[in-house]
Amino acid sequence: MDASPRFSLKQRLHEGQNSIIFRGVREDEQTPVVIKVLKGEYPSPRALRQLRREYVTLRELDVPGVVQVYSLESYGNGLALVMEDDGGVPLSDVIHGEALQLRRALELGLALAETLARLHERAIIHKDIKPHNILVNSSTGSVKLIDFGIATNLAHETAQVSSPEALEGTLMYMSPEQSGRVNRVVDQRTDLYSLGVTLYEMLTGSVPFNANDAMELVHSHIARTPVPPWVRTPTIPRVVSDIVMKLLAKGPEDRYQHALGLAADLARCLAALDETGEIEPFELGQRDRADVLRIPQKLYGREADIRALTEAFGRVQDGRPELLLVAGGAGVGKSMLAHEIHRVIARGGGRFVSGKFDLVQRNIPFSALAAALSELIRQLLTESSRTLAEWRTRIQVAVGASGQLVVDLVPELERVIGKQPPLPPLRPTESQNRFGLVMQNFVRALCPRTSPLVIFLDDLQWADAGTLSLLRLILTDPDGGHLLLVGAYRDAEVDLAHPLRAAVAQLRKDGVALHELALGPLDRASVRALLADTLTRERPGAAPPREEVERLEALATLVFDKTHGNPFFLSQFLTMLHRNGLVRFDAATGGWTWDPAAVAAAPITENVAELLSERLREFPPDTQRLLAVAACVGHEFDVVTLARIAERGVGRVAAELWPALQAGLVVPLDSNYRLLEGIDDGAPEANETAELVVACRFLHDRVQQAALSLSTPEALHEVHLRIGRSLQAAHVGELRGDALFDVVRHLNAGAPRLTDPGERLQLARANLEAARAPSAPPPTPPAPRSRPPASPCCPKTPGTRSTR
């Protein structure tokens, strides 16, 4: 490997998936340095951008315990990150399969806990804590944390499901939530879990879980309880073992909530060793404090519903397709319930994908199903070449010579099965029949017994007729695969005349296995439990002071009366109380405080839409305008595309979007968002983002609707027209599939601003082409084979049909 003239490489310290860390020397000063270089002769633009971002992150940090960065320099065809070298060696070399002395392990753990506390106070989550990323100097006692390549400065992230080999981080040290297979976000507590694995290894000489199979390793982190350190090594004091086990709790809410709480307990252990040579048991976490308002993600009062969801997946593992409908009002937790199945899937070897019918895209046929299938294909693309080849063969056999039909709906599929031959023209009815049967074969191929599939479709009340008919075809397939279709809808918007009611009735007649759950708002007891978990430190067996109980009861009554037990409204309401200082953290007591009387007297809206609109209006004007444009695009949007529509640089758009990302009202769908931070649109490296797909979504429909309310109808017409023209100009060749429907939808919405006769004629032709596309209901499926009768559906009270 050719060295840069400014430094030379001497010793390889660690090799990761995309980079190598060396020990080297600066040639001009002959000073020792640590150098991180990218692998490969020609690093990808994404890898280059990621290293630039790591340099910016480290340059802005001045934290004891974090390696100091010197420069970012050219190296061959790539870049090299040059950092300080204080003579430390990787902790992995120090451990090397053997346990450390108890005192040394506690000292290192304390140093790392204090470093994490400083990082977290600066809103940085490392996300890859492991011995390889910890440099230890035995002579000076220095402990340095390195490798911030996947660090984030958002309060939390949502990890995406992919093959274990493609996950960010290191499997043996990865928290359950980093796998994307549990219904929890990744926040500061993920670093504490990884530190727990590292402490476990320091104390016992081995990691808690070690398996040759990557998926088995992921399942272990999610579901298996590790052997306590004291059992493996009886000389370890029980309280030290308990500290480690607390760090390794599956649920983030059961771990230490702050690194300083861990540091306090480790310091107490060291003090006991100094004083008596022994560490007696004590109550853990007495000085642990959660100074960040974290509303628990666990579900309250939904135990029976979770059990029904789990049982449904168990049935499709052994049987045939099944439909589980989840009905309830907006914000009641239907999506949260559906995502609880991730844990079961991790054990059963299945897959979970989701799609959402969008209020502003409700006229695009199959939009939610196409999104779910696209997500599944992206998951397959992260698999090993051997596994991907097996899926390629399976899918090719299923679609035959008609693969282009599926590629039009799911463009990502072309990356799996390659370019498809043109379709022979057919008359409309025959074309629809072909489309329906090919889709039936395709979906069946995606859910074999070895890999059951769960498809979650949200907001079925906005589903198009074509989707409802296609779902019937899939669910009545006599040779259907192992598919669980979970559909959520707002029952208040589905009256007796709604197409969804007719579709469900027909499915019952067809003998489809169909079950329905009805979710209501939380009761008072559940609201109180949520508030207790969020704001108090109630411990089992320890009665809290009477005054604290009375204050909590008063707040629970007020919150319940204001939000009517709606979980989404409740979380936004609590966030607003915290933002306005009515609920605040008291550093003196180490707990949360509030005045129920002051909360009751505050002028607080009792409408979630108004609450969100008020929140969005606190953002800078440029952010408000950008969110309105994004809301016109849809529930999900791509930042680079948004920049083109808004006619601004990607760097500027990223900066304008950042307040909404920090507030959690816009959620990134992958890690690419980090690569947009700090982009100078005028710098040469800005081109590195040109090919990035940076996907985001609104936290909830209510947020998207609130963003739309930031603009006038006339302004929205103009935005839709600009979006339609931009999408049309960006598309090379014939418009097909989703691209055609997308362009038509936006141009139709912007039609009041369309004045050019030629352009209006072009739009009319595009509408005609969209009408002729394979979007009409598929053919009537064959009569199903004999099946046991479907379970009765929970009765519903007819609601008022939506006029939107």
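Positions are given from 1, in the same order as the sequence printed here.
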Any residue meeting side chain to side chain donor-acceptor pair (under 3.5 Å) with [X], in chain and number order, not counting sequence neighbours:
X: Q624; answer: none
X: N18; answer: none
X: Q160; answer: none
X: R378; answer: E412

What pairs meet the ring-ring contact (aromatic ring centres under 6.0 Å, His included) rule with one or both residues in [range], with sequence neighbours excluded?
range: residues 86-129; value: H126-F148
range: residues 163-203; value: Y193-H221
range: residues 23-44; value: none

Exercise for review: Verify salt bridge (Lys or Arg N to Asp or Glu O under 4.0 Å) between R294 and E253, making sure each step is shown before the conclusion.
Suggested key: CA-CA 9 Å; R294 293 193 183 105; E253 61 274 7; over 6 Å; no

Study note, to complete from the structure: By salt bridge (Lys or Arg N to Asp or Glu O under 4.0 Å), D254 pairs with (sequence neighbours left out) none

**Study point:** Which residues share a salt bridge (Lys or Arg N to Asp or Glu O under 4.0 Å) with R232, sequence neighbours left out
**Key:** none

Check your understanding: Residues two or more places apart in sequence or in another chain: which of them pass ring-ring contact (aromatic ring centres under 6.0 Å, His included) with H156?
Key -> none

Practice item. Provide the full list of side chain to side chain donor-acceptor pair (under 3.5 Å) pairs with a residue in residues 58-68, sequence neighbours left out, each pair given once. Key: none

**Study point:** Min side-chain heavy-atom separation L79-Y55 under 4.5 Å
**Key:** no

**Study point:** Under 3.5 Å donor-acceptor, Q379 side chain and F352 backbone
**Key:** yes

Revision key, fill the gap. Residue pairs meeting salt bridge (Lys or Arg N to Asp or Glu O under 4.0 Å), one or both in residues 138-163, sequence neighbours left out, come to K36-D147, E84-K144, K127-E157, E157-R674

